[in-house]
Novice: 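What follows is a structure written as structure tokens; I'll ask about it next.
We count residues from 1, following the sequence as given.
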Amino acid sequence: MTPDHPPGLDLDRLRVLLDRERPGLVTGALSGRLIEGGRSNLTYAVTDGTARWVVRRPPLGHVLATAHDMRREHRVISALHPTAVPVPRPLLLCEDEEVLGAPFYVMEFVEGTPYRTAEQLAPLGPERTRAAVLNLVDTLVELHAVDPAVAGLGDFGRPEGFLDRQLRRWAKQLDASRNRDLPGIDELHATLGRELPRSPAPTVVHGDYRLDNVLIGGEDDTINAILDWEMSTLGDPLTDLGLLVMYSSPLGMPDSPVSTTAQAPGHPAPAELIERYAARSGRDVSAVAWYTAFAWFKLAVILEGIHYRYTLGQTVGRGFDRIGDLVPVFIEHGLTTLQEG
């Protein structure tokens, strides 16, 4: 494969499909490139020299279709595109694995930057950084204001017992990657289970809502699109808030392989984000400490899974050697969050 024909993207077959399903859309020879950054589903930018699109497909050699459900991602952005929630315009869903070797979908290319580090945010300056992060909260409020039934997503998930299932799911994930002692993680999980809050009315939940999963652009640094909907479902909206609060808590580790945007000058403190969400959504956020601690637990499990694959030699790329050191930090933050309330 050449840089213009990356693995997992057969441009000839894609062109045949697009010409058949969307005649006139493509006007020249296609080239494509892998968009770096994701460690799960693969995202490609494709162009005919005039227009640009994005192709999203599961990782190469994927096994669990439910973990990389293209139909699900395509469905949620199709439902949200007519609403106030900024998502790319979906163009095509292809479930025929003969085309690219796996189901995939095509959507419009949206300009913007996914800010992942404090260094990337620095050129914006404190005022623009602050405004961008507050806008992130406002956009989350917009998402949680969508009526799932009206949007055609009334059966998009099982809200009843959502938090309990989430806890059990991530505990199961942890057990699947245990190969070292992790002091405190079982205590964190048990405490979360004992103090389960009562969920508000269910909404569409993104599941991985953070600054580097949105595209920010334009002179006013607006959010042009929310990306990466693979963990979306119907459930407790405060899980999205808890995750955003977690990512807005500085780790004090500038070279961390996990997002460092919270350390950027001007980034609002977690308390301000919580207050803004509460004021604009009207939701009771008194249990936000639980949701934030759950986010620390969930990320600790995810990072431990990555570390486990690293120890088995199953990861490719830079930064994986430092993931394991982060896990105890996330566990400690989770326990502290619950203790301090």
Side-chain angles (χ1 to χ4, degrees), residues 1-38 40-62 64-112 114 143 146 148 151-157 204 206-208 213-215 217 223-233:
M1 287 289 186
T2 67
D4 284 345
H5 293 75
L9 183 66
D10 188 318
L11 291 169
D12 294 331
R13 291 184 176 181
L14 177 63
R15 175 66 189 270
V16 170
L17 175 75
L18 291 174
D19 284 347
R20 184 178 71 238
E21 300 294 331
R22 299 296 299 265
L25 180 70
V26 181
T27 58
L30 291 179
S31 63
R33 63 179 176 85
L34 179 67
I35 298 176
E36 300 289 345
S40 184
N41 290 329
L42 300 176
T43 307
Y44 306 87
V46 176
T47 181
D48 62 358
T50 303
R52 286 186 291 177
W53 307 276
V54 169
V55 173
R56 186 134 160 105
R57 60 152 292 162
L60 304 180
H62 75 290
L64 297 175
T66 54
H68 309 283
D69 191 340
M70 296 297 100
R71 184 192 303 108
R72 189 175 185 82
E73 280 196 37
H74 181 267
R75 180 184 174 189
V76 70
I77 66 171
S78 297
L80 292 176
H81 188 258
T83 74
V85 180
V87 294
R89 182 167 62 95
L91 297 175
L92 176 75
L93 171 68
C94 177
E95 299 183 81
D96 180 0
E97 298 193 12
E98 292 297 316
V99 180
L100 296 186
F104 67 94
Y105 67 92
V106 183
M107 58 185 170
E108 69 174 340
F109 183 94
V110 178
E111 295 283 358
L143 171 63
V146 171
L153 295 171
D155 61 347
F156 195 58
V204 178
H206 182 275
D208 197 17
N213 271 342
V214 303
L215 294 175
I223 293 179
N224 293 336
I226 306 173
L227 306 176
D228 293 355
W229 291 88
E230 60 191 281
M231 299 178 76
S232 61
T233 187

Novice: Taking only Lys NZ, Arg NE, NH1 and NH2, and the carboxylate oxygens of Asp or Glu, determine whether R72 and D69 approach each other closer than 4.0 Å.
Specialist: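 Salt bridge: no.
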Novice: Return the CD to OG distance between E73 and S78, rounded to the nearest 0.5 Å.
Specialist: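 Nearest 0.5 Å value for the CD-OG distance: 11.0 Å.
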Novice: Please examine the side chains of L11 and L9, heavy atoms only from C-beta on, and report whether any two atoms are closer than 4.5 Å.
Specialist: yes
Novice: Could you list the residues that satisfy salt bridge (Lys or Arg N to Asp or Glu O under 4.0 Å) with D19, not counting sequence neighbours?
Specialist: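 Result, salt bridge (Lys or Arg N to Asp or Glu O under 4.0 Å) vs D19: R15.
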Novice: Under the ring pair (Phe, Tyr, Trp, His ring centres under 6.0 Å) test, which residues partner F156, sequence neighbours left out?
Specialist: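 Listed in chain order: nothing, the list is empty.
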Novice: What are the two closest non-hydrogen atoms of L100 and D10, and how far apart are they?
Specialist: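 Scanning both residues, the minimum pair turns out to be CD2-N, 3.3 Å.
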Novice: How far apart are the closest heavy atoms of L91 and W53, and which atoms are they?
Specialist: CD1-CD1, 3.3 Å
Novice: Does the side chain of V55 reach to within under 4.5 Å of the side chain of Y105, using non-hydrogen atoms?
Specialist: no
Novice: Using side-chain contact (heavy atoms from CB on, under 4.5 Å), reason through L153 and R75 one step at a time and then give a plain yes or no.
Specialist: CA-CA 9 Å; L153 295 171; R75 180 184 174 189; 3.7 Å; yes
Novice: Under the ring-ring contact (aromatic ring centres under 6.0 Å, His included) rule, what pairs show up with a residue in residues 82-102, not counting sequence neighbours?
Specialist: none
Novice: In Å and rounded to the nearest 0.5 Å, what is the CZ to CZ distance from F104 to R71?
Specialist: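 Taking CZ in F104 and CZ in R71, the distance rounds to 14.0 Å.
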Novice: Do you know the tightest heavy-atom contact between E111 and N224?
Specialist: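 Looks like O-ND2, 2.9 Å.
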Novice: Quick one: closest heavy-atom pair of P82 and A79, and the distance?
Specialist: CD-O, 3.3 Å
Novice: Please list, chain by chain and in numerical order, all residues satisfying salt bridge (Lys or Arg N to Asp or Glu O under 4.0 Å) with E108, sequence neighbours excluded.
Specialist: none
Novice: Please list, chain by chain and in numerical order, all residues satisfying side-chain hydrogen bond (donor to acceptor under 3.5 Å, both in side chains) with Y44, sequence neighbours excluded.
Specialist: none
Novice: Of the non-hydrogen atoms in E95 and P103, which two are nearest, and what is the gap between them?
Specialist: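 Looking at all heavy atoms of both residues, the closest pair is CA-CB, 4.1 Å.
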Novice: Would V54 and V106 count as a side-chain contact (heavy atoms from CB on, under 4.5 Å) here? Give the steps.
Specialist: CA-CA 6 Å; V54 169; V106 183; over 6 Å; no
Novice: Side chain to side chain contact (heavy atoms under 4.5 Å, CB included) with D96: which residues, sequence neighbours excluded?
Specialist: C94, E98, V99
Novice: Test of understanding: with side chain to side chain contact (heavy atoms under 4.5 Å, CB included), list the residues that count as partners of A29, not counting sequence neighbours.
Specialist: none
Novice: Would you say the side chain of L30 lies within less than 4.5 Å of the side chain of T47, judging by non-hydrogen atoms?
Specialist: no
Novice: Mind checking what makes salt bridge (Lys or Arg N to Asp or Glu O under 4.0 Å) contact with E21, not counting sequence neighbours?
Specialist: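 Result, salt bridge (Lys or Arg N to Asp or Glu O under 4.0 Å) vs E21: none returned.
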Novice: Listed by chain and number, what are the side chain to side chain contact (heavy atoms under 4.5 Å, CB included) partners of P86, not counting sequence neighbours?
Specialist: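 Checked P86 against side chain to side chain contact (heavy atoms under 4.5 Å, CB included); matches are T139, I223, I226.
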Novice: R52 versus V46: any side-chain heavy-atom pair under 4.5 Å?
Specialist: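 No, side chains not in contact.
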Novice: Using atom types as modelled and distance alone, determine if a side-chain donor or acceptor of D208 lies under 3.5 Å from a backbone N or O of N213.
Specialist: no
Novice: Looking at P58 and M70, what are the two nearest heavy atoms and their distance?
Specialist: CD-CG, 3.8 Å
Novice: The criterion is side chain to side chain contact (heavy atoms under 4.5 Å, CB included); which residues satisfy it with L227, sequence neighbours excluded?
Specialist: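 P88, L215, A225.
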Novice: Does a side-chain heavy-atom distance below 4.5 Å link T233 with V76?
Specialist: no
Novice: Determine whether D12 and V16 make a side-chain contact, defined as any pair of heavy atoms from C-beta on separated by less than 4.5 Å.
Specialist: no
Novice: Return the set of residues passing ring pair (Phe, Tyr, Trp, His ring centres under 6.0 Å) with W229 (not counting sequence neighbours), or none when no residue passes.
Specialist: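 With sequence neighbours excluded, W229 shows a ring pair (Phe, Tyr, Trp, His ring centres under 6.0 Å) to H206, given in chain and number order.
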Novice: Listed by chain and number, what are the side-chain hydrogen bond (donor to acceptor under 3.5 Å, both in side chains) partners of T43, not counting sequence neighbours?
Specialist: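 For T43 the side-chain hydrogen bond (donor to acceptor under 3.5 Å, both in side chains) partners, ignoring immediate neighbours, are R56.
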